[in-house]
Amino acid sequence: MNWLTNFVRPKIRALVGNDVPDNLWEKCQKCEQMLFSKELGSVFRVCPHCGHHMKMSVKERIASLFDDGEFTKIPYNSCVSDPLKFKDTKKYSDRLKTARESGGENEAAVVGYGKIGGHKTVAVLFSFDFMGGSMGMAVGEAFIAGAEYAVSKGHSFLVVPCSGGARMQEGIFSLMQMPRTVVAVNKMNESGLPYIVLLTNPTTGGVSASFAMLGDIHIAEPGALVAFTGPRVIEGTIREKLPDGFQLSEYLFNHGMVDMVIHRKDLKDNIAKILGILTHKK
Ligand SMILES: [Zn+2]
């Protein structure tokens, strides 16, 4: 992108003034083609050259899944924001502040409800831009609030993880969210209401090891990495070459770990259809 950033953008700015946004172009991480940001929005952020499903913000995800883009947030319990007063190269509290200022979201997960093809659905959506979508106490609270709301109202529950796993800056408190979210999934199961997981790239670590692999139905976006530990680490540990596409959606589908792999443009229709079948509604 450097020639665009350093050469083309200043030229355009010189011509039309300073109204040129910084993110006019994006590079596809797979085929490395330069893509016009505005056009990407109209194709659900799927690369038109190679079909790579690029990351979506929570807002884009809501717009792509919910009827008329309508989504009402559900409040959840607030948590101590930095329980261990953690510091590595930066203070955790500073990292949180930066993430909040840059992405607009307050935490790595957003919980709320809306309708998908007319079906009332509670959803927890992850933002990878917020500290890699990592699961800390607030994300655990958001998930539990979503599941409890779904049970209390008799709605279906959809989770769209996009996460590197546990939030290391919260140590054991982060790991505790694994059993806590599993208990919430069990409550969903007892209620008999649908719990659907839409696996996106990446869904790894403590998230894949807890609620993300416990859905009634697992849908995955094409090419998404869904794993506990990434392939590079495994290859380094066992010193063996792993099969092509190891731990990607299609591989998991062929090995019975996910139920379907669906292109992003068809997700809403298919989720609506599944919800209709599971809730016996048209
Ligand atoms: Zn591409």
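Whatever order the structure lists them in is the order used to number ligands and atoms, beginning at 1. Note that this is a predicted model, so its numbers are computed, not measured.
With sequence neighbours excluded, no residue forms a ring-ring contact (aromatic ring centres under 6.0 Å, His included) with Phe253.
Within the structure, ring-ring contact (aromatic ring centres under 6.0 Å, His included) pairs that include any residue of residues 68-95 comprise Phe66-Phe71 (at least two apart or interchain). Identified under the ring-ring contact (aromatic ring centres under 6.0 Å, His included) test for residues 157-180, with sequence neighbours left out: Phe143-Phe157, Phe157-Tyr195.
One finds no salt bridge joining Asp94 and Lys87 here, because no Lys/Arg side-chain nitrogen approaches an Asp/Glu carboxylate oxygen to under 4.0 Å.
The number of protein N, O or S atoms lying under 2.8 Å from the Zn ion (ligand 1) is 4.
You'll find the side chain of Met137 stays beyond 4.5 Å of the side chain of Arg167, heavy atoms only.
Annotation: the span from Met54 atom CE to Arg264 atom CZ amounts to 9.0 Å, rounded to 0.5 Å.
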